[in-house]
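To start, the structure under review is shown below, and the notes come after it.
In what follows, every chain begins at residue 1, and chains take the letters A, B, ... in the order their sequences are listed.
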Amino acid sequence: MNLFTDIRALVIENLTTMQDQGSLPDGLDFKNVAVEPPRDPLHGDMATNAAMVLAKPAKMKPRDIADKLAAMLADDPRVEVAEVAGPGFLNLRLATNIWHGVIGAALKDGADFGRSDMGAGKKVNVEFVSANPTGPLHIGHARGAVFGDALASLLDFAGHTVTREYYVNDGGAQVDVLARSAYERYREANGLQPEIAKGLYPGDYLLPIGQALKEKYGDSLIDQPESVWLDDLREFSTEAMMGMIREDLAALGVEMDVFYSEKSLYGTGLIEKALEELDAKGLIYQGTLPPPKGKPDAGWEPRLQTLFKSTEHGDDVDRPVKKSSGGWTYFAPDIAYHYDKVQRGFDLLIDVFGADHGGYVKRMKAAVSALSDGKVPLDVKLCQLVRLFKDGTPFKMSKRAGNFVTLREVVDLVGPDVARFVMLTRKNDAPLDFDLAKVLEQSKDNPVFYVQYASARIHSVLRKAVAAGIDVDMASLAKADLSLINHESELSVTKKLAEWPRLVEIAARTNEPHRVAFYLYELASEFHSLWNRGNDLPELRLLQEDNIDVTQAKIAHIVAVSIVISAGLAIVGVTPAEEMR
RNA sequence: GGUCCCAUAGCUCAACUGGAUAGAGCACCUGCCUUCUAAGCAGGGGGUUUCAGGUUCGAGUCCUGAUGGGAUCACCA
């Protein structure tokens with residue numbers, strides 16, 4: 001149930017009736033009619049802009065439309081008061097039993113409360129992380145991982161069919177470099193001095209690989225030319241790296257549905273096929289690119305290349321798909337990969353990139369647009385970088401990777417729940433400061449704690465209630481007399497609960513899972529506020545030992561809160577706390 | 001120089017894809033523990049939403065330009 005869409009439907013219904021009665025002209029577009037919670041609670045529970053939006057096309061005064069509409073809305077039993085305010089807003093105050101219905105719905109639907117069919121089962125592919133298989137994941141990847149995973153969960157909750165996918169860049173030059181780096185560690189394992197030349201990967205995470213290679217090959221590869229061992233070592237170390245990456249992701253609680261190998265695109269004709277597809281649309285040609293504008297042209301020389309006319313689909317310049325040496329550029333298999341996604345029948349593609357790949361967005365969108373004839377949208381979400389701190393000072397060193405902090409280190413330090421929640425305390429396109437000390441702090445400036453504390457308090461009450469012999473099982477709570485929930489402070493919490501289904505849809509429509517984390521903070525705040533009002537007003541305390549009925553109603557109420565917190569945390573990927581330690 | 005992202009309270013950030021008097025937290029003041037966890041709550045001060053124009057009933061939000069910060073910039077992935 002989504003109260004806001006229900007009431008919006010009511011508004012539209014009445015507008016249509018007005019048209020039938022001739023008090024509103026026909027042929028109006030109601031698409032911009034919105035029903036929203038007003039910023040200021042004094043304005044009521046909901047507000048609609050219908051009169052203002054329609055005034056101009058209807059050639060009427062907003063006031064006239066609003067007055068009429070208000071009178072009609074007030075006839076509905078759900079609406080207690082409808083009044084015109086400001087320039088033509090229509091403020092609605094809903095009957096109290098509407099809110100009781102929200103509590104009832106939450107209890108009945110449980111974890112599914114707020115689930116939406118907005119997505120109508122559309123197939124969505126969320127590609128995220130997609131880090132090169134040349135080393136462990138770092139903290140920046142962690143953000144992309146959490147963002148992508150939470151977005152996938154969110155879209156699922158909003159009625160989409162979601163595939164979580166990781167594109168493995170195992171086909172380019174960087175995996176050769178990995179193989180060479182591993183070879184040096186292999187030599188080292190055999191008692192030789194490794195020569196980590198410039199350009200090789202220096203991180204000591206390759207030490208175990210060297211050891212494993214020794215166990216596999218003994219000393220048979222020592223002093224052999226690269227041509228002998230390169231293929232084998234590339235295969236071996238890429239697999240080892242992917243194993244490590246999977247473990248890193250698992251530590252964060254991220255599970256991919258598909259690992260899609262770049263290498264698997266070669267030799268299958270898929271790249272050729274994708275480019276033929278573009279060629280058939282007249283988007284492939286031999287040509288030379290103009291020199292970069294304004295940039296000092298140090299070694300610029302014109303080159304004849306195979307180009308994709310990405311400018312036809314919104315890019316700034318056309319992009320090479322083939323090197324002059326004849327091999328594919330990185331872009332070519334990526335085109336094929338996205339072509340494959342389109343072929344697999346996805347209705348929507350989402351790519352989660354680090355902000356340093358921002359320059360890649362336009363050409364990727366151009367490719368998808370061209371390959372799907374504009375039918376499959378690609379939304380690219382960029383995650384800004386993460387800056388690590390400890391007690392306010394920058395935190396840098398890593399034992400294993402040399403110059404970056406690994407995802408694993410952070411997860412080991414703060415735990416997956418904290419790591420995940422913190423990653424969503426900023427919009428994806430805002431930089432994120434991650435303070436390893438502050439995120440573990442148990443105080444209200446730490447949103448992770450604050451939300452968990454609300455959950456823990458609810459469970460604490462449940463334990464006390466059980467100890468007092470009160471039935472708190474769902475069957476008993478379902479029978480509770482919710483009309484006993486009528487204090488302003490209580491209804492304030494309930495109204496926040498009523499926003500949950502709406503928030504899910506907004507967050508899913510904008511592909512912004514951080515909204516869930518912010519909502520949870522607000523809900524927790526409402527709950528803490530109610531809790532503390534019990535200090536002044538004993539009748540607001542949740543356990544009323546002399547009145548079982550009231551107590552059960554109040555417990556039913558906060559269990560509804562707990563249900564929404566759990567549902568929200570499930571999207572974020574965090575386990576709700578039952579007690580704080 | 002081109003492109004993309006960003007600019008909101010002293011600080012860190014929200015703001016419902018255009019709504020009413022722009023909201024939280026930190027910090028600063030003032031209150032609240034014989035109480036289901038005070039790890040919290042209530043209240044107060046604090047703003048020309050970087051600047052200049054434009055679009056309209058209405059702009060932090062959309063458009064143009066400027067300024068400042070970040071990312072990126074031909075056969076690297």
Counting any heavy atom closer than 4.0 Å, what does [X] reach on the DNA or RNA strands: base, sugar-phosphate only, or nothing?
X      : answer
A:A85  : base
A:F449 : base
A:L289 : sugar-phosphate
A:V84  : nothing
A:E262 : sugar-phosphate

Between A:Y450 and A:Y521, is the gap from one ring center to the other below 6.0 Å?
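Centroid separation for A:Y450 and A:Y521: below 6.0 Å.
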Report yes if at least one side-chain N or O of [X] is closer than 4.0 Å to OP1 or OP2 of [N]; otherwise report no.
X      : N     : answer
A:K323 : B:A77 : yes
A:R319 : B:C73 : no
A:Y450 : B:C41 : yes
A:W328 : B:A77 : no
A:S529 : B:A42 : yes

Check the distance between [N]'s [atom2] and [X]'s [atom1] and give it to me in whole angstrom.
X      : N     : atom1 : atom2 : result
A:L530 : B:C32 : CG    : P     : 22 Å
A:Q552 : B:C36 : CD    : P     : 21 Å
A:R541 : B:C41 : CZ    : P     : 17 Å
A:R533 : B:U37 : CZ    : C1'   : 20 Å
A:W531 : B:U37 : CH2   : C1'   : 6 Å
A:I558 : B:U37 : CD1   : P     : 11 Å
A:K322 : B:A74 : NZ    : P     : 22 Å
A:D334 : B:A77 : CG    : P     : 11 Å

So [Y] and [X], do their side chains get closer than 4.5 Å, heavy atoms only?
X      : Y      : answer
A:I558 : A:W531 : no
A:K464 : A:L542 : no
A:V451 : A:Y453 : no

Sole residue of A:L178, A:V168, A:T134 in side chain to side chain contact (heavy atoms under 4.5 Å, CB included) with A:M241:
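Filter result, single survivor: A:L178.
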Would you measure the distance from the [atom1] atom in [N] across to the matching atom in [M] and give it in whole Å?
N     : M     : atom1 : value
B:G60 : B:U34 : P     : 47 Å
B:G70 : B:U64 : C1'   : 23 Å
B:G1  : B:G10 : C1'   : 37 Å
B:A59 : B:C33 : C1'   : 47 Å
B:A52 : B:G45 : C1'   : 32 Å
B:C28 : B:C73 : C1'   : 47 Å
B:U21 : B:U49 : C1'   : 15 Å
B:C6  : B:G44 : C1'   : 33 Å

List the steps and the verdict of side-chain hydrogen bond (donor to acceptor under 3.5 Å, both in side chains) for A:T306 and A:Q286.
CA-CA 5 Å; A:T306 306; A:Q286 299 292 319; 2.8 Å; yes
Against the six-membered ring of [Y], is [X] placed for a cation-pi contact (under 6.0 Å from the centre, within 45° of the normal)?
X      : Y      : answer
A:K322 : A:W328 : yes
A:R502 : A:F4   : yes
A:K309 : A:Y285 : yes

Could you grab the distance from atom NE2 of A:H487 to atom NE2 of A:H557, nearest 0.5 Å is fine?
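That separation rounds to 12.5 Å.
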Nearest-0.5 Å distance, CG of residue A:L265 to OH of residue A:Y337
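OH of A:Y337 is found 9.0 Å from CG of A:L265.
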Using a 4.0 Å cut-off on protein heavy atoms (strictly under), produce a 5'-to-3' string for nucleotides 12-18 of chain B with B for base contact, S for backbone-only sugar-phosphate contact, and - for none.
SSSSBB-
Could you check whether the side chain of A:N535 and the base of B:U35 have a donor-acceptor pair of N or O atoms closer than 3.5 Å, going by distance alone?
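Side chain to base: pair present.
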Ignoring hydrogens and angles, answer whether the base of B:A20 and the side-chain atoms of A:N91 contain a donor-acceptor pair closer than 3.5 Å.
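Side chain to base: pair present.
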Polar atom pairs between nucleotides 27-29 of chain B and protein, under 3.5 Å, N or O only, would you list them?
none

Counting neighbours of CD on A:E545 that are heavy atoms of other residues, nucleotides or ligands and sit closer than 6.0 Å, is the number greater than 12?
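Open.
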When the nearest nucleotide of RNA chain B is assigned to A:Y360 and to A:K56 on a heavy-atom basis, which residue is associated with the more 5' position?
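By nearest-heavy-atom nucleotide position, the 5'-most residue is A:K56.
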For RNA chain B, whose closest nucleotide is more 5', that of A:N532 or that of A:H43?
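Counting from the 5' end, the first nearest nucleotide belongs to A:H43.
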Kindly confirm whether the side-chain ring of A:F89 is stacked on the base of B:G19, judged by centres under 5.5 Å and planes under 30°.
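Whether judged by distance or by angle, A:F89 falls short somewhere, so it does not stack on the base of B:G19.
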Closest non-hydrogen atom pair between A:A82 and A:L92, with its separation:
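A:A82 and A:L92 have their closest heavy atoms at CB-CD2, 3.5 Å.
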Of the non-hydrogen atoms in A:V33 and A:A50, which two are nearest, and what is the gap between them?
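Distance-wise, the nearest heavy atoms are CG1-CB, 3.8 Å.
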In which stems does RNA chain B show up, taking only runs of three or more Watson-Crick or G-U wobble pairs whose two distances fall under 3.5 Å?
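RNA chain B forms these stems: B:1-7 with B:67-73, B:10-13 with B:23-26, B:28-32 with B:40-44, B:50-54 with B:62-66.
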Name the orientation of the base relative to the sugar in B:C32: syn if the glycosidic angle is within 90° of 0, else anti.
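Anti conformation for B:C32.
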Before you tell me yes or no, could you show the steps for A:D351 and A:H338 under side-chain hydrogen bond (donor to acceptor under 3.5 Å, both in side chains), namely the whole-Å CA-CA distance, both residues' side-chain angles and the distance that decides it to 0.1 Å?
CA-CA 10 Å; A:D351 286 355; A:H338 283 77; 2.7 Å; yes
